[in-house]
There are 2 protein chains.
Amino acid sequence: MANIHDVARVAGVSISTVSYALSGKRSIAATTRRRIDDAVRELDYRANAGARMLKGSRTNILALSAPLHAGTDTPAHMTFVLAVVTAARSFDYDVLLLTQDEATSGLRRVARSSLVDGIVLLDVSTTDERTQLVRELGLPASVIGIPGDADGLVCVDLDFEEAAVMAVRRLADLGHREIGLIGQAPAIYQRGSNFPPRFRDAFAAEAERLGLVTAFTPAAEDSAGVRAAVDRISATLPGMTGLVLHSNEPVQSMILELLNQRGVRVPHDLSVISACSSFDTNHLNPPLDVIPLPADRSCTRAIELTMAQLEGTVDPHVELIEPAYVELGSTSPQRSR
Amino acid sequence: MANIHDVARVAGVSISTVSYALSGKRSIAATTRRRIDDAVRELDYRANAGARMLKGSRTNILALSAPLHAGTDTPAHMTFVLAVVTAARSFDYDVLLLTQDEATSGLRRVARSSLVDGIVLLDVSTTDERTQLVRELGLPASVIGIPGDADGLVCVDLDFEEAAVMAVRRLADLGHREIGLIGQAPAIYQRGSNFPPRFRDAFAAEAERLGLVTAFTPAAEDSAGVRAAVDRISATLPGMTGLVLHSNEPVQSMILELLNQRGVRVPHDLSVISACSSFDTNHLNPPLDVIPLPADRSCTRAIELTMAQLEGTVDPHVELIEPAYVELGSTSPQRSR
DNA sequence: GCGGATTGTCGAAACGTTTCGATTACGGTG
DNA sequence: CACCGTAATCGAAACGTTTCGACAATCCGC
């Protein structure tokens, strides 16, 4: 593989001139620069990554700790992973993927060996061993999601509380007084994933503030679980006219199918809102009003903040992304009885 | 961050002794080794990755080129990615994730800068620009899937042809004479993904060899698409008593639901086989006989072969993984009419 | 008690960059 | 014309490791 000496020889200059020409850190005569560029092209030269890491103190690699737990919605998870990789590349950073059991131990390994300049944490639980580790390592790091103890960390996430408030208000404004929430699979609440309870609790709180009657149920991911969830919530709240779905695409799709089978028309009989969904609700039947979960925005921001930490220009804080409400016709005013 | 000099100083030896103690490449006195181990622990020392890459010619990093295309089954894709990462770790290798537009250009970049020792390609199409690139780069590489031009490449994949033969024979052995195949979404065949036509064509060939009547249809991934596919195949083959599903989990689930609604009992009225599925068909209703797509085996083998290429002990070839048939009670003999 | 093998340790070179300080050439200013 | 600042280039040091060759100390068999 060609190295900088080869380039220097072919271009007839010293290696430092080559280095400066490529980095642009000192001025180089136009003719010299052209000869160097030609040599680089001819040899298909690229600076050796190891040497660059060793000398400069940047590796241009980030670690992405992304454990995939049972019950996690894989497409949503993948969306975040891809968004992180894409955002990192826009800053000329590559991404090292750490998963499963290596999500924690691998983090320590790559950090201590100076293989990465920074860390991104995905899918944090309310009590997550990775948060303490990240504090110890002292490397720039951004957490996507809000762990229980966010002290000393840079965290980014959709404002799930505000999203819940938004959904409740929307239904309240339309005159609905009895509203339901179908959430994630029970396993997800048990594992302590950070966002589901944030949404559920804010939903209940805002509804109470507005004097609405609510019911909540999780929904297991198979058709039996979905049927049971719908049955449960109808039994608890027979007069329900508004429903918020905080679950993955297949579950939302099954719920709509079930409602349809039972002759419940959306939005005529029931106003339905899809909350914090990372997929396109236009493909549902009918399309659902949605408060999107903008993976790209969270991830882009997380990477920006990691880069800012590398420059030392940012302090630990929690950054919440403002939710937006997208109308697609699945809500309507409560009919007077 | 502590370096090898610090360890040497604390242990009271030279740096070369530390290096040999850690690598085990020369014998070291037991007492010396203990002092060094203690120093390493005290300082939480780990060899600097950049320096190690520069000096040794190994980086202990693999590039994983894993573009996610529209229509690809995300959970299956993720299963492969995770399996690659896990297998790589078992050889002390980390994985750099290259996706989307970087799946090709990033490959060139990281290879030319000697950031990675080898390459793994996922989701290759029949004509894939990455295969030519990999040949040019001359780095150890393993392809998961079989591209149109596999010359000079190391490829690993489930033997989709044999899997198709297995499914057809199973149904034929049970006395079924008219069998159908519901495949992937049309978009996937159009994009040239490598395995769907391999399965489809082998299915047709083996059925013809055995004198069976067949019908094939792709299935779009929404409920309308599934309904249309089932309608199409029933219309083409009214006497169909055996059905093979080569599609993702939601689609298979919807198909079974639809059959159930229409009063078609599995296996009493229709024997159904789930082919090359990376998910657990026990969760379907009813559970389906399955020829599993063993992501972990393909990926483990791909990594093994990449490691073997690093040692120079392997030549380009295509390696097919023997499929297995798992009975779960969704097939039964053809009833005499 | 001597030669030769073995064991344990060390110093130094090399890997390919980046970057600091030095040097040369040259045009502009007083 | 002497002086200075600037542009363009170069040589050399440093980053932290691995590994080669050298050397001293110990052991073994006779």
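A quick note: this is a predicted structure, and the numbers were derived from the prediction, not measured. Residue numbers begin at 1 in each chain, while the letters A, B, ... track the order of the sequences. All heavy atoms count here, side chains included; hydrogens, waters and symmetry mates do not.
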>> With a 4.0 Å limit, can you tell me whether A:Tyr20 has a side-chain N or O closer than that to the phosphate oxygens OP1/OP2 of C:dC20?
In response: no
>> At less than 4.0 Å, is any side-chain N or O atom of A:Ser27 found next to OP1 or OP2 of D:dT6? Yes or no.
In response: no
> Can you check the A:Met53 CE to C:dT17 P distance for me, whole Å?
Replying inline: 13 Å
> Between D:dT19 atom P and B:Ile15 atom CD1, what is the distance in whole Å?
Replying inline: 13 Å
> Closer than 4.0 Å, any side-chain N/O of B:Thr17 to the OP1 or OP2 of C:dC10?
Replying inline: yes
> Would you call B:Arg130 and B:Asp123 a salt bridge, using N to O less than 4.0 angstrom?
Replying inline: no
> Which whole-number value in Å describes the distance from A:Arg52 CZ to D:dT17 C1'?
Replying inline: 20 Å
>> Can you measure A:Arg9 atom CZ to D:dT9 atom P for me and round it to whole angstrom units?
In response: 19 Å
> Could you give the CD1-to-P distance, from A:Ile4 to C:dC15, as a whole number of Å?
Replying inline: 14 Å
> Which of these nucleotides, D:dC10, D:dT17, D:dT9, is closest to any side-chain atom of A:Ala29?
Replying inline: D:dT9
> Hey, are A:Arg135 and A:Asp149 close enough for a salt bridge, meaning a charged N less than 4.0 Å from a carboxylate O?
Replying inline: yes
> Looking at B:Lys25, does any N or O in its side chain come under 4.0 Å of the phosphate oxygens OP1/OP2 on D:dT19?
Replying inline: yes
> For the pair made of NZ in A:Lys55 and P in C:dT19, what is the distance, rounded to whole Å?
Replying inline: 7 Å
>> Between P on D:dT17 and CD1 on B:Ile36, what's the gap in Å once rounded to a whole number?
In response: 13 Å
>> With a cut-off of less than 4.0 Å, is there a side-chain N or O of A:Ser23 near OP1 or OP2 of C:dT19?
In response: no
> Counting any heavy atom closer than 4.0 Å, what does A:Leu54 reach on the DNA or RNA strands: base, sugar-phosphate only, or nothing?
Replying inline: base
> Any ion pair linking A:Asp38 and A:Arg35 (charged N to carboxylate O, less than 4.0 Å)?
Replying inline: no
> Quick one: A:Leu115 CG to D:dG16 P, roughly how many Å, whole number?
Replying inline: 16 Å
>> What I want to find out is whether A:Arg89 reaches B:Asp101 closely enough, with some N-O distance under 4.0 Å, to be called a salt bridge.
In response: no
>> For a quick test of reading the model: is some side-chain N or O of B:Ser16 closer than 4.0 Å to OP1 or OP2 of D:dT19?
In response: no
> Does a nitrogen or oxygen in the side chain of B:Asn48 sit under 4.0 Å from OP1 or OP2 of D:dG16?
Replying inline: no
>> Does C:dT9 have its OP1 or OP2 closer than 4.0 Å to a side-chain nitrogen or oxygen of B:Ser14?
In response: no
> NA contact type, A:Ser57, heavy-atom cut-off 4.0 Å: base, sugar-phosphate, or nothing?
Replying inline: nothing
